[in-house]
Asker: 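Can you read through this structure? Questions will come right after.
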Amino acid sequence: MSAAVVEIAPSILAADFARLGVQVNQAESGGATFLHIDVMDGHFVPNISIGIPVVESLRKHTPMVLDCHLMVSDPDAFIDPFCKAGAQMITVHQEACTHLARTLGLIADLGAAPGVALNPATPVFLLEEVLAQVRQVLVMTVNPGFGGQKFIASAMGKIERLDRIRAERGLDFLIQADGGVTTANARALAEAGCDILVAGSSVFGTDDVTGNVIALSDCANRSAPVRA
Ligand code: DX5
Ligand code: ZN
């Protein structure tokens, strides 16, 4: 892979929902092209968050790529409605899918880019058979369910392993880190092999949303390495 720019994907979980449209525009002004939408069902994770109507409204409001991270126990039941609502990327959890290859195929058949996510306790080798099928692998760098948690440093090794496997097998899936991303670890995550850094609190945690996206992007891309 060439020296691609590492993208910041703002996670609206940390946004002020009463000002969602304005804050999304501010994130876009900072150069963000992906918008990360955390969908939680209160069952796969102990929290409830955003659903299909929000995706529908955002689709009409922004040209950003709507990237839906489904933290739900039965993703198959929701893939079609999220695609119809305007999601262009759909990421499901390995831990939630009994027939992962079929679920990823369903996402692709419905015209969205399929992604697979790994909880911190789930090893990379469990994805071996599906890596050729996915557009992205999301590495959880916190336990899913809540924003504002501390980055789990051991996840860095998983990102490096995925980057190595990608090169060895000549694959081109994107690697996303999700959770606890800050200006302090953005560069290390980029060096480990990430293409997209999901950031909630560090984008929407203060009023300068545009400046926060720029600051994270500057850190991630500072003398970006050229990957062969
Ligand atoms: C956690 C979510 C993350 C979260 C990131 O379950 O998947 O996307 O919003 O939030 P921060 O950046 O605050 O850790
Ligand atoms: Zn997420």
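Counting starts at 1 for both ligands and their atoms, in listed order.
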Asker: So, 4.0 Å and heavy atoms of F151: is ligand 1 close enough to count as a contact?
Answerer: no

Asker: Which atoms form the tightest heavy-atom contact between A9 and I196, and what is the distance?
Answerer: CB-CG2, 3.6 Å

Asker: Taking P120's backbone N and O only, do any of them form a donor-acceptor pair with K158's side chain (distance below 3.5 Å, no angle check)?
Answerer: yes

Asker: With a 6.0 Å cut-off (strictly less than), is the heavy-atom count around CZ of F44, excluding the residue itself, greater than 12?
Answerer: yes

Asker: Using side chain to side chain donor-acceptor pair (under 3.5 Å), reason through T206 and N212 one step at a time and then give a plain yes or no.
Answerer: CA-CA 8 Å; T206 69; N212 291 338; 2.8 Å; yes

Asker: Just let me know how S11 lines up against ligand 1, side chain, backbone, both or neither, with a heavy-atom cut-off below 4.0 Å.
Answerer: side chain

Asker: Specify the closest pair of heavy atoms between A220 and L197, including all atoms of both residues, with the distance to one decimal.
Answerer: CB-CD1, 3.9 Å

Asker: Any salt bridge between R135 and D67, counting N to O under 4.0 Å?
Answerer: no

Asker: E28 pairs by side chain to side chain donor-acceptor pair (under 3.5 Å) with which of T33, T62, T210?
Answerer: T62

Asker: N/O of M40 under 3.5 Å from N/O of ligand 1, yes or no?
Answerer: no

Asker: Hey, which atoms in ligand 1 end up nearer than 4.0 Å to a heavy atom of A199?
Answerer: 12 (O)

Asker: Using a 4.0 Å cut-off to any heavy atom of H69, which atoms of ligand 1 qualify?
Answerer: 7 (O)

Asker: Can you name the one residue among H36, H69, Q136 that meets side chain to side chain donor-acceptor pair (under 3.5 Å) with T91?
Answerer: Q136

Asker: Looking at every non-hydrogen atom in both residues, tell me the closest pair between L110 and C83 and how far apart they are.
Answerer: CB-SG, 3.8 Å

Asker: Under 4.0 angstrom from ligand 1, any heavy atom of G179?
Answerer: yes

Asker: What is the nearest protein non-hydrogen atom to atom 10 (O) of ligand 1, stated with its residue, atom name and distance?
Answerer: G147 CA, 3.7 Å

Asker: Please find the pair of heavy atoms, one from F146 and one from L13, that lie closest to each other, and give the distance.
Answerer: C-CD2, 4.3 Å

Asker: I need the nearest protein heavy-atom contact for atom 14 (O) of ligand 1: residue, atom name and distance, please.
Answerer: G180 N, 2.8 Å

Asker: May I ask you to identify the nearest protein heavy atom to atom 1 (C) of ligand 1, giving residue, atom name and distance to one decimal place in Å?
Answerer: F146 O, 3.6 Å

Asker: Do ligand 1 and S201 have nitrogen or oxygen atoms that lie under 3.5 Å from each other?
Answerer: yes

Asker: Mind listing the closest non-hydrogen atom pair of I50 and I37 along with its distance?
Answerer: CG2-CG2, 3.9 Å

Asker: One thing to verify: whether K84 and D80 come together as a salt bridge, which I'm taking to mean a side-chain N less than 4.0 angstrom from a carboxylate O.
Answerer: yes

Asker: Is it the case that over 12 heavy atoms from other parts of the model lie below 6.0 angstrom from the NE2 atom of H43?
Answerer: no

Asker: Please determine whether the number of non-hydrogen atoms from other residues, nucleotides or ligands lying under 6.0 Å from atom CG of D207 exceeds 12.
Answerer: no

Asker: For G145, is at least one N or O under 3.5 Å away from an N or O on ligand 1?
Answerer: yes

Asker: Against heavy atoms of L13, which atoms of ligand 1 measure under 4.0 Å?
Answerer: 9 (O)

Asker: Enumerate the atoms of ligand 1 whose separation from the nearest heavy atom of P144 is less than 4.0 angstrom.
Answerer: 6 (O)

Asker: Hey, is S202 one of the residues with a heavy atom under 4.0 angstrom from ligand 1?
Answerer: no

Asker: Grab the two heavy atoms, one from G193 and one from I159, that are nearest each other, plus how far apart they are.
Answerer: N-CG2, 4.1 Å

Asker: Look at atom 4 (C) of ligand 1 and say which protein heavy atom is nearest, naming residue and atom and giving the distance to 0.1 Å.
Answerer: D38 OD2, 3.7 Å

Asker: Which atoms of ligand 1 have any heavy atom of H36 under 4.0 Å away?
Answerer: 8 (O)

Asker: What protein heavy atom is closest to atom 5 (C) of ligand 1, reported as residue, atom name and distance in Å?
Answerer: D178 OD1, 3.7 Å

Asker: Could you tell me which atoms of ligand 1, counted from 1 in the order shown, lie closer than 4.0 angstrom to a heavy atom of V198?
Answerer: 8 (O)

Asker: Just need the protein heavy atom nearest to atom 12 (O) of ligand 1, so name the residue and atom and give the distance.
Answerer: G200 N, 2.7 Å

Asker: Are K60 and E56 close enough for a salt bridge, meaning some N to O gap below 4.0 Å?
Answerer: no

Asker: I need the nearest protein heavy-atom contact for atom 11 (P) of ligand 1: residue, atom name and distance, please.
Answerer: G148 N, 3.6 Å

Asker: What protein N, O or S atoms come within a distance below 2.8 Å of the Zn ion (ligand 2), ordered by chain and number?
Answerer: H36 NE2, D38 OD1, H69 ND1, D178 OD2

